[in-house]
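Following: one structure in structure tokens, then a few remarks.
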Amino acid sequence: MATLPSDIAARPVIDNTVEDVVERPPAVLGGFGFADVTERISRVNENRPPIIWWFLLAFSATWMAILGGLIGYLFLTGVGVWGNNIPAAWGFPIVNFVFWIGIGHAGTLISAILCLFRQKWRTSINRFAEAMTIFAVICALVWPGIHIGRPWLPFWMAPYPNQMGMWPQFRSPLLWDVFAVSTYFTVSLLFWYMGMLPDLASLRDRARLRGACIASVAYGVLSLGWTGANRHWHRYERAYLILAALATPLVLSVHSVVSFDFATSQLPGWHTTIFPPYFVAGAVFGGFAMVMLLAIPAREIFGLKEVITVRHMENMAKITLATGSIVGLAYSTEAFIAWYSHNPYEGFTFMNRAFGPYAWSYWLMFSCNVFIPQTLWVKKWRCNMKWLFVVSAVVTVGMWFERFVIIITSLTRDFVPSSWGMYVPTWVDICMLMGSFGLFFTLFLLFLRFLPMVNMAEVKTCMPQAHAHHNASHGAGHGFVDQHEGEQDEEAQA
Amino acid sequence: MSESTNNTASTGEVRALGDLTGKARMLMLAKAGAGFALLALVSMFFPGETHDKMRVLGLGYLTGFVFVLSISLGALFFVIIHHLTRAGWSVVVRRLAENMAGCLKYILIMGLPIILLTAVGVLYGHWMQPTGEHAELVELKSGWLNFPFFSLRMLVYFLVWIGIAHWYRTKSIEQDTSGDVQLTKDMQAYSGLALVLFSLSINFGSMDLIMSLSPTWYSTIFGVYYFGGSMIAFFAVMILLLKRLQSCGVLTRSVNVEHFHDLGKFMFGFTIFWAYIAYSQYMLQWYGAIPEEVSWFATRGAETSADSTAGDGWHWAALLLLVCHFLIPFPGLLSRWAKRWTGVLMFWACWMLFWHLFDMAWVVMPEYGAVGSGGAFFLVVAAIGGCLGLGGLWGLGLIKLCNEASLVPEQDPRLGESLAFENF
């Protein structure tokens with residue numbers, strides 16, 4: 001893993017958030033060479049973890065254990081321990097399901113869609129965003145699994161030939177959800193794992209060199225005999241592109257299908273055609289907020305500020321602002337059409353959301369998702385990590401409440417006032433929501449400790465050293481960092 | 001043109017229309033003449049009273065209007081998103097997009113007959129003079145759907161669009177001579193605001209222009225549906241225009257197969273996007289089966305109930321749209337070679353442009369009422385006439401704008417990146 005001497009690498013760059021229209025800003029700062037990148041990222045896995053990691057793990061694992069305990073309590077007692085009732089048969093469990101599925105959108109968007117759009121900066125953040133996706137989908141899958149009433153029969157959701165001649169209802173969007181989410185989970189997992197192979201091999205080789213037996217065997221098994229041969233890289237690139245193309249429609253389809261759960265009904269506030277793209281935009285919005293929420297402390301604690309730079313955070317802030325504004329446009333369009341249609345039930349639903357018993361949640365949602373993210377228009381604020389952290393937390397809260405508003409306000413007050421009701425969560429609901437965060441953070445902290453959190457191999461393709469040959473042969477006259485030659489020069493950094 | 005001579009000397013290619021202008025103008029004039037003649041003929045011979053014939057004329061003209069508007073709005077979005085994302089590859093094709101967006105000022109003038117036809121009750125009659133069983137409901141909407149407010153809103157939308165298009169085009173042309181990088185920074189800095197204004201205006205503008213033709217129907221996704229079609233139309237026109245210019249010896253070096261490949265990718269992507277949006281809109285309303293919603297699809301022949309007669313004559317159109325707007329071009333454009341072999345790409349660009357036109361006709365023309373298959377066919381022909389006619393006028397405007405400056409942003413700081421661009 002040699003560092004190529006290069007005048008570009010030696011050039012001191014302090015702030016890569018400055019807009020320079022002549023030259024593309026560098027993705028990695030600090031004059032890093034290839035070896036520095038490997039060293040900086042691998043040491044997270046190789047050194048003893050900082051004390052704060054142990055503290056956070058203990059805290060998260062406790063909540064995860066509480067979730068496990070409460071699931072046991074639920075199974076033994078029945079769904080009556082929740083606040084779900086009639087008319088609000090869908091309470092916290094479905095709110096949590098949609099929330100976590102939404103969170104799981106940023107990872108694949110970053111690795112697939114941004115890959116197709118040739119956004120090279122994604123390489124610093126795609127690995128842990130993908131990991132986050134996987135863990136968020138796991139958290140999401142808990143809810144329909146325990147919400148089915150007869151938790152010993154979840155396999156009935158799968159269509160399989162059986163002696164009862166009984167099949168799931170293919171016309172139900174809930175079944176489409178089973179297919180959409182499981183496909184998404186499978187492809188995301190493959191994408192994540194395949195992208196990790198070169199880095200796992202690096203960790204394997206390093207573990208062997210420092211004589212760490214268990215680590216060397218574990219990483220050895222996981223890296224599937226990767227040697228960095230030309231043929232390996234060629235197949236890796238092909239597979240990556242194909243998976244990116246397959247994953248791109250999945251990013252759109254999953255949350256579209258989740259939105260069908262609501263929009264195919266005739267319930268006011270649920271039945272509206274903007275739901276599929278609006279849910280997707282909302283999911284990307286919430287997902288990016290979660291990526292930032294995790295990346296801001298992670299880059300601080302593990303010393304990765306040169307790899308995950310302020311510019312990366314700024315770009316994510318811009319995507320958050322854009323998707324947040326799309327969500328704002330969708331809210332406004334819905335409200336406008338509710339008025340324009342002169343459909344009394346639609347009109348009532350929106351008045352009820354804004355001024356009814358759950359108005360506090362509606363305005364909380366609107367403030368968190370639309371008003372507060374508007375501060376990201378200001379460059380100074382979106383480059384301020386403390387403020388960005390606050391906004392990310394606010395958006396995460398706002399996106400949870402968006403699902404709460406959609407589900408609870410529509411269910412509790414529909415067409416006939418005599419069937420109206422209220423929904424109040426129980427302590428079990430609240431603790432299980434907290435527990436799902438415990439599960440998510442436990443998995444994420446374990447990932448940070450044992451797997452390479454940044455895609456070392458891909459980050460190197462964005463560094464000026466990967467283009468040394470190009471710059472030498474054409475001179476520096478182009479005035480931009482060429483993006484396409486990185487793929488051809490991969491052997492150099494392997 | 002002295003500029004074109006300079007260009008040729010320094011870059012080895014022609015970057016202006018030059019001598020082609022006269023021939024292109026004649027072609028566009030002929031297209032406009034033929035289109036309007038076709039529209040007038042179909043309207044004249046369409047069975048019915050004078051008012052009915054006028055409605056055919058009006059709806060055909062409106063189809064042409066929303067068709068050319070979609071191309072220019074697609075171009076405007078392309079320019080804004082180019083600056084917003086600091087794109088490099090698209091610099092060489094950006095000036096053409098700026099010119100297409102610049103045509104919005106001509107489209108505003110083309111909109112005057114629509115205002116006139118609305119005033120005399122030919123267009124938007126359902127809310128201008130509400131009659132029939134839904135009159136009471138439509139009356140309730142008169143606060144939004146009334147002639148002065150409608151005209152005012154149209155004016156506001158167009159002022160926003162023309163303003164953005166004009167500002168970007170002026171700044172870009174200014175850079176051709178000054179080479180000032182600050183201009184690029186300015187264009188980037190205001191792209192966010194421009195995008196917000198664009199999104200709001202296309203969303204509500206398309207609802208006003210098209211959705212309000214049947215004032216009892218509503219769909220929150222409608223603006224996105226029109227946007228998706230607009231992007232297909234823009235990329236198709238861009239590909240055709242570049243190919244045509246190259247065959248006449250213009251832009252032969254700066255625009256190459258790599259740029260065509262990317263334009264093709266976008267056309268393909270938006271073809272899927274359109275299908276996704278169209279499916280979402282149709283499936284959700286079909287599944288919900290609420291009468292005031294499904295009636296819009298029933299009128300367009302897109303319903304599954306065998307005993308409905310509302311969409312008589314349009315069933316074939318609805319099916320054709322599904323097959324030709326998505327199912328056929330999807331595999332057709334999927335492969336890499338189809339986007340890099342520019343002859344094949346040109347075929348698909350023609351295909352998508354025609355089916356976008358057909359989509360606009362399918363959305364607008366059935367407002368005439370149930371007419372049977374033959375009648376529906378002639379209504380589509382009238383719409384084609386409208387699109388050809390207004391497309392010809394739009395082309396004349398485009399030629400005028402193309403002659404005002406080089407066809408490539410000469411001193412854009414990322415021009416080098418765009419010229420050297422390669423897909424891997």
Side-chain angles (χ1 to χ4, degrees), chain A residues 19-24 116-119 171 173 237 241 245 248-249 252-253 256 259-260 263-267 270-278 280 318 321-322 325-326 329-330 332-334 336-343 346 377 474 477-488, chain B residues 84-89 137-138 140-141 144-145 181-182 184-185 188-189 192-193 195-196 199-200 203-204 207 211-212 215-225 265 269 272-273 276-277 279-290 292-293 412-414 416-417 420-424:
Chain A
E19 283 295 337
D20 184 350
V21 294
V22 180
E23 191 164 353
R24 296 285 181 189
L116 295 184
F117 280 121
R118 295 191 289 264
Q119 298 296 309
R171 283 177 292 189
E237 287 296 332
L241 207 57
T248 299
L252 294 166
S253 72
S256 298
S259 81
F260 292 164
T264 50
S265 74
Q266 295 180 335
L267 199 64
W270 284 14
H271 179 74
T272 179
T273 49
I274 194 72
F275 256 32
Y278 147 53
V280 172
K318 284 179 181 172
L321 174 61
S325 303
I326 296 176
L329 180 64
S332 318
T333 309
E334 266 191 295
F336 168 74
I337 291 291
W339 171 78
Y340 171 87
S341 68
H342 278 273
N343 178 328
E346 285 287 337
W377 282 98
H474 296 281
H478 280 207
F480 62 91
V481 178
D482 197 308
Q483 297 188 340
H484 61 272
E485 294 227 344
E487 310 297 319
Q488 296 153 13
Chain B
L84 190 70
T85 58
R86 282 82 172 122
W89 73 274
L137 176 61
V138 178
L140 287 173
K141 299 185 178 191
W144 183 262
L145 296 176
V181 291
Q182 185 58 39
T184 301
K185 286 185 183 171
Q188 290 178 355
L193 180 66
L195 189 63
V196 170
S199 316
L200 285 169
N203 191 30
F204 291 100
M207 285 180 182
M211 202 171 86
S212 80
T216 51
W217 183 68
Y218 49 88
S219 168
T220 41
I221 208 174
F222 194 81
V224 190
Y225 180 82
K265 281 188 234 172
I272 302 172
F273 182 78
Y276 162 60
I277 298 298
Y279 173 77
S280 299
Q281 178 168 270
Y282 177 67
M283 192 279 286
L284 290 176
Q285 299 210 333
W286 168 80
Y287 202 115
I290 297 173
E292 65 254 41
E293 287 184 349
D412 189 290
R414 297 200 180 106
E417 183 177 345
F421 165 67
E422 254 180 87
N423 279 285
F424 46 79

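Order of the sequence lines fixes the chain letters, A, B, ..., with proteins taken first and strands second; residue numbering starts at 1 for each chain. Just so it is clear, the model here is predicted, and its values are computed rather than measured.
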Chi angles and distances behind the side chain to side chain contact (heavy atoms under 4.5 Å, CB included) call for A/I337, B/M207: CA-CA 10 Å; A/I337 291 291; B/M207 285 180 182; 4.0 Å; yes
In chain order, what residues pass the side-chain contact (heavy atoms from CB on, under 4.5 Å) check against A/T264, with sequence neighbours excluded? A/P173, A/F260, B/M283, B/L284, B/Y287
Heavy-atom pair with the smallest gap, counting every atom of B/L137 and A/S341: CD1-O, 4.1 Å
Mind running side chain to side chain contact (heavy atoms under 4.5 Å, CB included) on B/I221 and A/Y278 for me, showing each step along the way? CA-CA 9 Å; B/I221 208 174; A/Y278 147 53; over 6 Å; no
List the residues meeting side-chain hydrogen bond (donor to acceptor under 3.5 Å, both in side chains) with B/S219, not counting sequence neighbours, and say none if there are none. A/T273, B/Q281
Decide side chain to side chain contact (heavy atoms under 4.5 Å, CB included) for A/R118 and B/N423; before the verdict, give the C-alpha distance in whole Å, the side-chain angles of both, and the deciding distance to 0.1 Å. CA-CA 10 Å; A/R118 295 191 289 264; B/N423 279 285; 3.2 Å; yes
Between A/F336, A/W377, A/W339, A/F117, which residue shows the highest count of heavy-atom pairs closer than 4.5 Å to chain B? A/F336
For residues B/Q285 and A/H271, is any side-chain donor paired with an opposing acceptor at under 3.5 Å? no
Over all heavy atoms of both residues, which pair between A/V21 and B/T184 is shortest? Give the atoms and the distance, please. CG1-CG2, 3.7 Å
How close do B/L145 and A/Y340 get, heavy atom to heavy atom, and via which atoms? CD1-OH, 3.9 Å
With a 4.5 angstrom heavy-atom cut-off, could you sort out which part of A/T272 is near chain B: side chain, backbone, both or neither? both
Identify which part of B/L140 has an atom lying under 4.5 Å from any heavy atom of chain A, answering side chain, backbone, both or neither. both
